[in-house]
Amino acid sequence: MGDENQPRLDSWDDFAGDFIKAEFIRKWPAVFIPVDLKAETEDGRNKLILIVEFSGRKWNFDLNKTNQSFLRTNGITSPKMVLGKKLTIDKIKARNPSTNSMVDSLIIIKVE
C-alpha cells in the first residue's frame with residue numbers, strides 16, 4: 001500500500017517542480033487560468049506568484065515586473081482581479097541577470 005502523497009514513478013510530472021516553464025508547453029501561444037495567488041518576500045523583495053491551471057495540473061507562475069505591468073495596463077487594477085481570467089502566454093527570449101545568458105521566458109500577451 002503506497003502513500004498517496006508520494007510522487008508517482010510512472011510519470012515525470014511529479015518531478016517537474018512547482019513552477020511552469022516554457023519547456024513544459026508544446027503549443028504556442030498557451031492559455032493559463034489563474035485559480036489562486038500568493039505573495040512572498042524573497043531577499044527583501046515582494047514577489048507575486050499566480051497559481052495557474054494548465055494541462056490538468058496546477059503550477060506556480062512567477063509574475064515578473066513585465067507581466068505585472070501588462071496586467072495593470074490592461075485593466076487589472078489589483079492582483080486579486082486576475083483570478084479566473086484567461087491569460088494568453090507566449091514564449092520569448094530574455095536575459096537571465098544571474099547568468100547573463102538568453103533563456104526562454106513566458107510573457108502575457110492577452111488577458112480576457
Side-chain angles (χ1 to χ4, degrees):
M1 193 182 306
D3 181 352
E4 58 194 47
N5 294 324
Q6 292 295 315
R8 295 169 297 140
L9 297 177
D10 59 347
S11 171
W12 287 109
D13 291 344
D14 287 349
F15 301 94
D18 292 339
F19 284 88
I20 187 79
K21 297 179 183 175
E23 64 194 65
F24 302 154
I25 302 169
R26 292 178 184 22
K27 185 179 175 191
W28 297 98
V31 175
F32 295 168
I33 307 290
V35 295
D36 203 356
L37 55 95
K38 58 185 172 180
E40 294 181 352
T41 301
E42 183 178 289
D43 298 328
R45 295 175 39 213
N46 293 333
K47 289 176 58 169
L48 185 60
I49 298 171
L50 296 179
I51 292 85
V52 298
E53 285 187 354
F54 180 76
S55 284
R57 182 169 172 198
K58 290 183 181 176
W59 299 91
N60 289 335
F61 178 56
D62 193 354
L63 203 57
N64 63 25
K65 296 292 183 193
T66 300
N67 286 325
Q68 286 180 42
S69 178
F70 180 87
L71 291 173
R72 281 193 306 267
T73 58
N74 283 276
I76 305 298
T77 58
S78 75
K80 289 181 180 180
M81 280 187 64
V82 76
L83 296 177
K85 302 286 187 191
K86 273 178 40 177
L87 302 181
T88 303
I89 309 294
D90 212 344
K91 176 173 69 168
I92 62 168
K93 289 288 188 183
R95 186 166 306 280
N96 179 330
S98 301
T99 63
N100 201 31
S101 61
M102 298 300 285
V103 296
D104 287 335
S105 186
L106 302 176
I107 189 166
I108 302 170
I109 59 171
K110 187 176 179 184
V111 60
E112 301 177 86

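Keep in mind that the numbers below use all heavy atoms, side chains included, and drop hydrogens, waters and symmetry copies.
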- Message: Please enumerate all residues that pass salt bridge (Lys or Arg N to Asp or Glu O under 4.0 Å) together with Asp62, with sequence neighbours excluded.
- Response: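 Asp62: salt bridge (Lys or Arg N to Asp or Glu O under 4.0 Å) contacts with Lys47.
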- Task: Apply salt bridge (Lys or Arg N to Asp or Glu O under 4.0 Å) to Glu23 and list each qualifying residue two or more places apart in sequence or on a separate chain.
- Result: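 Glu23 satisfies salt bridge (Lys or Arg N to Asp or Glu O under 4.0 Å) with no residue once adjacent residues are dropped.
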For residues 75-91, which side-chain N or O atoms pair as donor and acceptor with protein atoms under 3.5 Å away, sequence neighbours left out?
none

- Nearest non-hydrogen partners of Ala22 and Trp28, listed with the distance: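 Reported closest heavy-atom pair: O-CZ2, 3.5 Å.
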- Message: Suppose we call two aromatic rings close when their centres sit under 6.0 Å apart. Are Phe32 and Trp59 close by that rule?
- Response: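 Centroid separation for Phe32 and Trp59: 6.0 Å or greater.
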- Indicate yes or no for a side-chain donor-acceptor contact from Asn64 to the backbone of Thr66 under 3.5 Å, with no hydrogens or angles considered.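 Side chain of Asn64 to backbone of Thr66: a pair is present.
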- Is there a chain of hydrophobic side chains (I, L, V, M, F, W, Y, each step under 4.5 Å between heavy atoms) that links Ile92 to Ile109?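 Linked within one cluster.
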Spatial distance of atom [atom1] ([X]) from atom [atom2] ([Y]) [nearest 0.5 Å]:
| X | Y | atom1 | atom2 | answer |
| --- | --- | --- | --- | --- |
| Asn67 | Leu50 | CG | CG | 9.0 Å |
| Glu53 | Ile33 | CD | CD1 | 8.0 Å |
| Arg45 | Glu42 | CZ | CD | 7.5 Å |

- Item | ring pair (Phe, Tyr, Trp, His ring centres under 6.0 Å) involving Phe70 - partner list, sequence neighbours excluded |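 Testing Phe70 for ring pair (Phe, Tyr, Trp, His ring centres under 6.0 Å), a comparison that skips the adjacent residues, returns none.
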- Tell me, which pairs form a ring pair (Phe, Tyr, Trp, His ring centres under 6.0 Å) where one or both residues lie in residues 92-112, sequence neighbours left out?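 Passing the test, one end in residues 92-112: no pairs.
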Under 3.5 Å, sequence neighbours excluded: what are the donor-acceptor pairs made by side chains of residues 93-108?
residue, atom, partner, partner atom, Å
Lys93, NZ, Asp104, OD1, 3.0
Arg95, NH1, Asn100, O, 3.0
Asn96, OD1, Ser98, N, 2.8
Asn96, OD1, Thr99, N, 3.4
Thr99, OG1, Ser101, N, 3.4
Thr99, OG1, Ser101, OG, 2.7

- Query: Heavy-atom distance under 4.5 Å between the side chains of Ile51 and Asn60, does that happen here?
  - Reply: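 Yes, close enough: below the 4.5 Å cut-off.
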